[in-house]
There are 2 protein chains.
Amino acid sequence: MSRTIKVLLAEDQSMVREALAALLGLEDDIEVVAQVARGDEVLAAVREHAVDVALLDIEMPGCTGIEAAAAVRRELPSVKLVVLTTFGRPGYLRSAMEAGADAFLVKDAPAAQLAQAVRKVLAGDRVIDPTLAAAALADGANPLTDREREVLRAAADGSTNAELAATLHLSQGTVRNYLSTAIQKLAVRNRAEAVRIAREKGWL
Amino acid sequence: MSRTIKVLLAEDQSMVREALAALLGLEDDIEVVAQVARGDEVLAAVREHAVDVALLDIEMPGCTGIEAAAAVRRELPSVKLVVLTTFGRPGYLRSAMEAGADAFLVKDAPAAQLAQAVRKVLAGDRVIDPTLAAAALADGANPLTDREREVLRAAADGSTNAELAATLHLSQGTVRNYLSTAIQKLAVRNRAEAVRIAREKGWL
DNA sequence: ACTGCCGGATGACAGATGTCATACGCCGAC
DNA sequence: GTCGGCGTATGACATCTGTCATCCGGCAGT
């Protein structure tokens, strides 16, 4: 048995973050050496504390856990990455894997899986919910182009075509065209449904 | 110093729930005697385990933590109620208070406040974030009528007027009228914005 | 060199949405 | 007992949204 596993916790909700720290603190072989509340603080903290495993929430201010994962993978490729999220969206799993994550956990999995996942990734294994993996494969890749995604994201708050055209520096007609193709690709009837479906799949 | 405080934890995400349990388990005077993942299991569990303080998440399957709080307050009025939520929505605070909650905490508050809140409510105090309380008062009460809220909620997924009319057993014109008045009351331009604002305020 | 896709744009059209005036019955407050 | 608010409904109207055909320039494959 070697020294304890050094873990970083990145999660924006203090109460959840500290609770997870308490949970991991119960394990003899795991030590939470750093906690951050923002995605853009992850890389520096990982470097500073010589972290073995980084546990990253997706939804965070600064940047997403997935972006943070990609940055760590690029700069410090030996650090293991566990992505932890509230939402089991297939698209999230896909992007997390593309960013180089070693494990993908949803927060409604049993708590015991967290420490287990930390140990497994350190042993070189990958940890992925098989149901979610199947869903990700079944859904296929994100069918939307960059612009379609941007426009859809901008439309999500209820902005009108004119507002979208202004903020995105496009003509109103172009905005409508993008939304129209997005609506067709997602096989729905209007932009509101398109936003909902794209969100659910993790494509936004 | 009397016996330990018996706490129930109601939260649908296992990992978060068990992590919070670990956190509270670190306190000598607090014991988590029951955990449930659904709102509609709260009342029975509170009764069965002679709980002193119930810690309730709002978003849960079965019924919301607020509805569960109301039920406990009605049936077992001596039990203290702490509502814990991800979203600091003023309307949530208002409804929680109306349901008889003794404390209202948001999950991005420091973890230490959780145990403190448990002790304070047991001592007869109320625990409320002052910023949120101010926001709740500033926003005023929910301006939407029951029907307007129902229609807006049904419209949230992107349903069309015809679909809304069918599912709510109304005429299409009536649906449009309700949405129109809701849009005006919320001072927005379309149903999508109305849904977003109503959500943010906790009025949906 | 040709083809196809992407980003961007226009114009025309049909249908959906939002507004407004108006109406009726019901109920609670004053 | 009247007044106001709510729930429900209709019809007319203006505007917004979604679709489609068509076009252009750029760029990647073949």
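Atoms considered below: every heavy atom in the structure, side chains included; atoms not considered: hydrogens, waters and symmetry mates. Quick note on labels: first sequence line is chain A, next is B, and so on, each numbered from 1. Remember, predicted model here, so these are calculated numbers, not experimental data.
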Rounded interatomic separation in angstrom, taking CD from Glu193(B) and C1' from dT17(C):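 Those two atoms, CD and C1', are 14 Å apart.
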Nucleotide dA14(C), atom P - distance to CZ of Arg176(A) in whole Å: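 Checked: the CZ to P distance equals 14 Å.
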Identify all side-chain donor-acceptor contacts of residues 141-148 of chain B below 3.5 Å with residues at least two apart in sequence or on another chain.
unit_1: Asn142(B); atom_1: OD1; unit_2: Leu144(B); atom_2: N; d: 2.9
unit_1: Asn142(B); atom_1: ND2; unit_2: Trp203(B); atom_2: O; d: 3.1
unit_1: Thr145(B); atom_1: OG1; unit_2: Glu148(B); atom_2: N; d: 3.3
unit_1: Thr145(B); atom_1: OG1; unit_2: Glu148(B); atom_2: OE1; d: 3.4
unit_1: Asp146(B); atom_1: OD1; unit_2: Arg149(B); atom_2: NH2; d: 2.9
unit_1: Arg147(B); atom_1: NH1; unit_2: Glu150(B); atom_2: OE1; d: 2.8
unit_1: Arg147(B); atom_1: NH1; unit_2: Glu150(B); atom_2: OE2; d: 3.4
unit_1: Glu148(B); atom_1: OE1; unit_2: Thr145(B); atom_2: N; d: 2.8
unit_1: Glu148(B); atom_1: OE1; unit_2: Lys185(B); atom_2: NZ; d: 2.8
unit_1: Glu148(B); atom_1: OE2; unit_2: Thr181(B); atom_2: OG1; d: 3.1
unit_1: Glu148(B); atom_1: OE2; unit_2: Lys185(B); atom_2: NZ; d: 3.2

Heavy-atom closest contact (Phe104(B) atom, Thr85(B) atom, distance): CZ-CG2, 3.5 Å
Which residue lies more 5' along DNA chain D, comparing Gln184(A) with Gln172(A) via nearest heavy atoms: Gln172(A)
Backbone of Thr160(A) reached by a side-chain donor or acceptor of Glu163(A) within 3.5 Å: yes
Test item: Glu193(A) side-chain N/O and Arg189(A) main-chain N/O as donor-acceptor pair under 3.5 Å: yes
Between the first and last five pairs of the helix from dA1(C)-dT30(D) to dC30(C)-dG1(D), the angle of the axes, rounded to 10 degrees: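 Roughly 40°, once rounded to the nearest ten degrees.
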Contact under 4.0 Å: Asn161(B) side-chain N or O vs dT17(C) OP1/OP2: yes
side-chain hydrogen bond (donor to acceptor under 3.5 Å, both in side chains) partners of Thr174(B), counting only residues at least two apart: Ser171(B)
Residue among Glu11(A), Glu41(A), Arg17(A) satisfying side-chain contact (heavy atoms from CB on, under 4.5 Å) with Gln35(A):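 Exactly one pass, corresponding to Arg17(A).
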Protein proximity profile, nucleotides 4-9 of chain C - base contact B, sugar-phosphate-only contact S, no contact -, cut-off 4.0 Å on heavy atoms: ---SBB
Side-chain heavy atoms of Leu24(B) within contact of Glu31(B), under 4.5 Å: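 Result no, sub-4.5 Å side-chain heavy-atom pair not found.
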Note, Thr167(B) side chain near Ser159(B) side chain (heavy atom, < 4.5 Å): no
salt_bridge(Asp29(B), Arg119(B)) N-O dist < 4.0 Å: yes
Contact interval (first through last nucleotide) of DNA chain D with protein chain B, 4.0 Å heavy-atom: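 First and last nucleotides in contact are dC6(D) to dA12(D).
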Residue pairs, two or more places apart or on separate chains, that pass salt bridge (charged side-chain N to carboxylate O under 4.0 Å, His left out) and touch residues 78-104 of chain A: Arg73(A)-Asp102(A)
